[in-house]
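For reference, the structure discussed in these notes is given below.
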Amino acid sequence: MAEWIISVLSITDSKAAEQITYLVNNLGFAAWETIYSTILATFFAYVIGLPLGVLLVAGARDGVRPLPGPLMKALNVVINLLRSVPFLILMVVVFPLARVIIGTSIGTNAAIVPLTIAAFPFVARLVEGSLREMDRGTVEAAQAMGCTPFQIIWKVILPECLPSLLTGFTTAFITILGYGAMSGAIGGGGLGNMALNRGHTRNMRIVLYVSVIALVVLVQIFQSIGTHFATRLDKRITNTKTRKASARDRNKQVEKDWRSPGAM
């Protein structure tokens with residue numbers, strides 16, 4: 001099918017045929033590069049950001065394991081500073097570090113380093129916000145039973161906040177996906193590089209539009225998956241659905257009993 005389209009376009013519009021050929025040969029690999037870098041960057045961002053987010057909550061003055069005030073203030077300042085730097089500027093600043101770790105500052109693998117550094121403060125704040133939604137009474141009950149701070153965090157807070165954490169994970173993943181697309185402007189690979197360096201710079205409009213559409217499709221897919229699992233794990237929604245189903249069953253049974261001959 002693609003070869004037929006290319007052959008038709010080559011007769012009417014050679015530039016369009018060139019763009020379609022380029023897309024057929026490179027779109028799949030560019031999409032894979034985008035997904036690959038996003039998954040790795042999200043993983044490393046959570047390796048750093050998740051413990052920091054837990055520390056911001058557990059180490060607060062009213063947390064389960066309060067830490068010295070100056071240490072918490074310094075941690076908050078560092079996170080806020082990293083969050084305030086625009087991603088493209090941060091990527092340029094982090095180029096030397098990427099060259100030390102990866103061996104190059106150009107390409108998909110090199111973009112993972114600045115993506116991680118840009119994303120982990122954001123992840124820390126998302127985790128902090130999710131954990132602060134925890135009912136204080138549940139934590140106090142765990143403390144009254146003699147649980148250690150680690151047990152409270154690992155067995156009480158994190159499981160109870162899992163739906164919110166999963167929603168935050170979806171938000172972080174999509175944000176990092178957007179960061180990865182921007183990295184194409186200064187050496188990153190993937191769909192962002194295809195859209196900017198091929199589509200925009202070389203005025204290949206078909207390549208540009210198809211790359212943007214592919215990014216939108218990826219965002220929709222991952223957002224739907226994340227929302228689905230967050231909803232399935234949310235006890236409030238699950239319990240509400242169960243109660244509604246039970247109420248419907250009771251109403252049907254009452255109606256059935258009322259209509260039965262014995263009820264008259």
Side-chain angles (χ1 to χ4, degrees), residues 34-60 62-65 67 72 75-87 90-91 111-139 142 149-183 215-241:
T34 299
I35 297 172
Y36 160 78
S37 61
T38 303
I39 290 175
L40 283 185
T42 305
F43 172 76
F44 291 124
Y46 264 84
V47 167
I48 303 172
L50 180 60
L52 283 179
V54 172
L55 189 62
L56 288 170
V57 176
D62 58 345
V64 297
R65 183 63 176 87
L67 296 176
M72 296 302 297
L75 182 61
N76 277 281
V77 168
V78 171
I79 291 175
N80 290 336
L81 283 175
L82 289 174
R83 285 195 64 195
S84 64
V85 180
F87 172 69
L90 181 64
M91 188 170 181
I112 293 173
V113 177
L115 281 173
T116 301
I117 295 176
F120 85 80
F122 178 62
V123 168
R125 290 302 185 193
L126 285 175
V127 172
E128 180 190 11
S130 297
L131 299 188
R132 291 197 184 280
E133 296 177 0
M134 177 75 184
D135 184 9
R136 184 67 186 174
T138 306
V139 176
F150 178 79
Q151 289 175 328
I152 294 173
I153 293 170
W154 186 252
K155 295 185 177 181
V156 178
I157 296 178
L158 290 178
E160 287 292 324
C161 297
L162 187 58
S164 181
L165 288 171
L166 188 54
T167 301
F169 174 85
T170 306
T171 302
F173 189 91
I174 291 173
T175 301
I176 295 171
L177 182 65
Y179 284 167
M182 287 189 289
S183 71
L215 285 169
V216 172
V217 170
L218 288 178
V219 169
Q220 294 299 321
I221 291 172
F222 291 120
Q223 180 66 63
S224 300
I225 294 172
T227 302
H228 171 74
F229 283 108
T231 303
R232 290 288 300 272
L233 292 172
D234 196 333
K235 295 179 181 178
R236 295 168 297 181
I237 298 176
T238 304
N239 292 338
T240 300
K241 289 181 178 179

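Quick caveat, the model's predicted, so the values are computed rather than measured.
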Show the nearest heavy-atom pair for residues A142 and V156, with the distance to one decimal. CB-CG2, 4.0 Å
Give a yes or no on this: more than 12 heavy atoms of other residues, nucleotides or ligands lie within 6.0 Å of atom CZ of F229. no
What do the steps show when you test E128 against L52 for side-chain contact (heavy atoms from CB on, under 4.5 Å), and what is the final call? CA-CA 8 Å; E128 180 190 11; L52 283 179; over 6 Å; no
Given L81, which of V85, V77, V78, I79 fulfils the side-chain contact (heavy atoms from CB on, under 4.5 Å) condition? V77
Can you confirm whether T170 sits close enough to Q223 that some side-chain heavy atom of one is under 4.5 Å from a side-chain heavy atom of the other? yes
Rounded distance (nearest 0.5 Å) linking atom CG of L56 with atom CG of L75: 5.0 Å
Scanning both residues in full, the closest heavy-atom pair of L126 with A172 reads CD1-CB, 3.8 Å
Given the rule in the side-chain contact (heavy atoms from CB on, under 4.5 Å) test, do F120 and V47 qualify, once you have shown the distances and angles that lead to the verdict? CA-CA 8 Å; F120 85 80; V47 167; over 6 Å; no
Tell me which one of L158, T138, V139 satisfies side-chain contact (heavy atoms from CB on, under 4.5 Å) with I152. V139
Correct closest heavy-atom pair for A118 and P121 would be O-CD, 3.7 Å
Can you measure from CD1 (I117) to CD1 (I48) and round to the nearest 0.5 angstrom? 7.5 Å
How far does CZ of F87 sit from OH of Y179, to the nearest 0.5 angstrom? 8.0 Å
Check whether any side-chain heavy atom of L131 lies under 4.5 Å from a side-chain heavy atom of C161, and answer yes or no. yes
Please report the shortest heavy-atom distance between P114 and L90, naming the atom on each side. O-CD2, 4.5 Å
Looking at side-chain heavy atoms only, is the closest gap between F169 and L165 below 4.5 Å? no
Just how far is it from atom CZ of R132 to atom CD1 of I157, taken to the nearest 0.5 Å? 10.5 Å
Nearest heavy-atom pair of L166 and A230: which atoms, and what distance? CD2-N, 3.4 Å
Answer yes or no: is there a side-chain heavy-atom contact under 4.5 Å between I174 and T38? no
Closest contact, heavy atoms only, A60 versus M72: N-CE, 4.1 Å
When you look at I176 and F122, which way does the side-chain contact (heavy atoms from CB on, under 4.5 Å) test go after all the steps? CA-CA 10 Å; I176 295 171; F122 178 62; over 6 Å; no
Under 4.5 Å between any side-chain heavy atoms of L115 and F44, yes or no? no
Between V127 and V57, is any pair of side-chain heavy atoms under 4.5 Å apart? no
Examine distances only and state if a side-chain atom of T227 and a backbone atom of S224 form a donor-acceptor pair shorter than 3.5 Å. no
